[in-house]
Amino acid sequence: MSEKHKSVAFGQVVIGPPGSGKTTYCLGMQEFLSKLGRKVAVVNLDPANEGPPYDSAIDISELVTLADVMDALKLGPNGGLIYCMEYLEANFDWLQEKLSKFKDHYFLFDCPGQVELYTHQASLKNIFAQLSRWNFRLAAVHLVDSHYCTDPAKFISVLCTSLSTMLHVELPHVNVLSKMDLIEQFGRLAFNLDFYTEVMDLSYLLDHLASDPFFQHYRRLNEKLVEVIEDYSLVSFVPLNVQDKESMRRVIKAVDKANGYCFGEPEQRSLEAMMSAAVGADFQFTSTLAVQEKYVHVEDRTVEQEAMQL
């Protein structure tokens with residue numbers, strides 16, 4: 001993987017806040033891509049993730065662990081994670097040596113869950129930039145828990161975080177709404193699912209927030225935040241249920257487009273065979289389309305109700 005060695009490696013850096021499903025995504029994507037015939041290497045870059053459920057080709061715990069840093073330097077978990085990333089950045093030779101052992105592999109980098117690492121701090125950004133100099137073609141897969149869609153204030157916050165991450169990380173970016181199979185547990189959506197995935201006219205969210213006495217005092221602030229999001233017009237989401245093959249296919253299609261990976265006919269045939277076999281008990285009917293259909297008329301009813309109130 002030296003500077004002289006110019007073979008291209010493709011992969012994903014899987015990022016997002018704690019509990020968004022990054023490790024589960026890496027496990028599911030590893031299994032999904034392996035069935036398509038790709039040789040997959042999962043790289044655990046989270047020093048707090050000890051004993052992940054997938055088979056790690058490379059594990060940062062061989063270099064540094066969060067527990068050791070917190071104990072030795074008397075740091076909290078946030079400061080400890082930043083130190084670990086700076087330590088990895090100072091030991092690129094270790095990472096380069098480990099990566100060089102996996103020729104012709106597709107890489108999944110499971111990253112830490114501290115949001116500041118993707119919005120403010122520079123270490124992970126520098127690590128991604130170094131991987132690009134080693135001829136890695138990477139796409140950032142930013143996972144966000146889909147239950148935030150049920151709360152307008154939290155969804156605006158998620159949009160701001162996603163936009164900040166996109167601008168800071170500086171990689172081709174795919175935002176993913178994870179755990180779509182669990183979204184109904186948190187209540188009905190105010191609008192059609194497309195409203196959230198395509199980030200449509202956010203003025204409707206402002207109207208919902210205005211109905212809450214607490215947020216009435218912050219309407220101007222929310223309006224300005226929405227203006228920033230809409231002015232950039234960069235954020236959109238791909239819904240994901242890891243257990244649903246069709247949902248996984250949509251995500252990998254978006255990622256392959258983002259990082260430039262082009263699969264050949266053998267993989268295409270494997271994908272078609274897998275999708276045609278997705279029937280019976282193995283097939284998950286809690287797919288994105290099924291979830292969306294349940295909310296397809298919600299937006300229309302909401303608009304009609306608002307019109308009647310005018």
Side-chain angles (χ1 to χ4, degrees), residues 11-27 29 42-54 56 58-92 94-95 107-132 136 138-148 151 153-179 225 235 237 240 242:
Q12 310 173 27
V13 292
V14 184
I15 61 179
S20 58
K22 296 183 296 297
T23 297
T24 302
Y25 173 87
C26 287
L27 175 62
M29 188 57 70
V42 184
V43 182
N44 179 26
L45 293 184
D46 186 356
N49 188 8
E50 299 181 12
Y54 49 73
S56 301
I58 303 169
D59 198 326
I60 193 176
S61 64
E62 299 176 16
L63 177 69
V64 63
T65 66
L66 179 60
D68 290 342
V69 169
M70 291 174 61
D71 183 60
L73 302 179
K74 308 304 178 185
L75 294 172
N78 290 346
L81 274 174
I82 291 175
Y83 180 90
C84 289
M85 292 300 100
E86 291 176 343
Y87 190 78
L88 176 61
E89 185 183 0
N91 289 273
F92 275 143
W94 175 87
L95 183 60
F107 290 87
L108 298 173
F109 294 88
D110 187 5
C111 299
Q114 187 175 348
V115 175
E116 294 89 338
L117 293 172
Y118 313 117
T119 58
H120 300 86
Q121 213 265 345
S123 291
L124 267 179
K125 175 183 176 180
N126 296 337
I127 292 169
F128 298 157
Q130 183 61 56
L131 289 171
S132 297
F136 279 78
L138 300 173
V141 178
H142 182 228
L143 298 181
V144 175
D145 199 318
S146 61
H147 86 264
Y148 290 122
D151 187 321
K154 291 180 180 178
F155 187 65
I156 290 177
S157 176
V158 161
L159 291 173
C160 291
T161 303
S162 299
L163 177 60
S164 179
T165 301
M166 294 176 76
L167 297 176
H168 183 73
V169 171
E170 297 180 348
L171 282 176
H173 212 90
V174 177
N175 292 302
V176 174
L177 285 176
S178 63
K179 307 179 186 178
L225 291 175
V235 184
F237 296 94
L240 172 66
V242 173

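Quick note: numbers below take in every heavy atom, side chains included, and nothing from hydrogens, waters or symmetry partners. It should be emphasised that the depicted structure is a prediction, and the values quoted were computed from it without experimental measurement.
- Relative orientation of the Phe136 and Phe109 rings is perpendicular, given thresholds of 30° and 60° on the angle between their planes.
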ask   = Could you walk me through whether His173 and Thr165 pass the side-chain contact (heavy atoms from CB on, under 4.5 Å) check?
value = CA-CA 9 Å; His173 212 90; Thr165 301; 3.8 Å; yes

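- With hydrogens and angles ignored, the 3.5 Å screen pairs a side-chain donor or acceptor of Ser162 with a backbone N or O of Val158.
- Residues Leu88 and Ile60 have side chains in contact (heavy-atom distance under 4.5 Å, counting atoms from C-beta outward).
- One N or O on the side chain of Lys22 and one on the backbone of Gly16 form a donor-acceptor pair closer than 3.5 Å.
- The environment of OH in Tyr83 is sparse: at most 12 heavy-atom neighbours from other residues, nucleotides or ligands sit within 6.0 Å.
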Worked check of side chain to side chain donor-acceptor pair (under 3.5 Å) between Asp110 and Thr23 = CA-CA 7 Å; Asp110 187 5; Thr23 297; 3.1 Å; yes

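- The shortest non-hydrogen separation linking Met70 to Gly76 is CG-O, 3.9 Å.
- No side-chain donor-acceptor contact under 3.5 Å links Ser56 to the backbone of Pro52.
- When Val42, Leu138, Val43 are each tested for a side chain to side chain contact (heavy atoms under 4.5 Å, CB included) with Phe107, only one passes: Val43.
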Worked verdict on Asp68 versus Thr65 for side chain to side chain donor-acceptor pair (under 3.5 Å) = CA-CA 5 Å; Asp68 290 342; Thr65 66; 2.9 Å; yes

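- Between Leu108 and Cys26 the shortest heavy-atom distance is CD1-O, 3.7 Å.
- Taken from CD in Gln114 to CG in Asn78, the straight-line distance is 4.0 Å, to the nearest 0.5 Å.
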request  = Assess whether side-chain contact (heavy atoms from CB on, under 4.5 Å) is satisfied between Val141 and Leu143, documenting all intermediate values.
outcome  = CA-CA 6 Å; Val141 178; Leu143 298 181; 4.1 Å; yes

task = Please step through side-chain contact (heavy atoms from CB on, under 4.5 Å) for the pair Ser157 and Tyr148, ending with a clear verdict.
result = CA-CA 9 Å; Ser157 176; Tyr148 290 122; over 6 Å; no

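- Rounding to the nearest 0.5 Å places CG of Asp59 at 8.5 Å from CD of Glu50.
- Each of Leu124, Val69, Asp46 was checked for a side chain to side chain contact (heavy atoms under 4.5 Å, CB included) with Leu81, and the lone residue meeting it is Asp46.
- Distance check, rounded to the nearest 0.5 Å: OG1 of Thr119 to NZ of Lys125 gives 12.0 Å.
- A donor-acceptor pair is defined here as one N or O able to donate and one able to accept, closer than 3.5 Å; such a pair exists between the side chain of Ser178 and the backbone of Ser20.
- For Gln121 (side chain) and Ser123 (main-chain N/O), a donor-acceptor pair under 3.5 Å exists by modelled atom type.
- In this structure, Tyr87 places its OH atom where only 12 or fewer heavy-atom neighbours from other residues, nucleotides or ligands lie under 6.0 Å away.
- The two atoms that bring Ala140 and Val169 nearest to each other are CB-CG1, 4.5 Å, heavy atoms only.
- Taking every heavy atom of both residues into account, Met85 and Pro47 meet most closely at CE-CD, 3.7 Å.
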ask   = Which is it for Asn126 and Gln130 under the side-chain contact (heavy atoms from CB on, under 4.5 Å) test, yes or no, and what are the steps along the way?
value = CA-CA 6 Å; Asn126 296 337; Gln130 183 61 56; over 6 Å; no

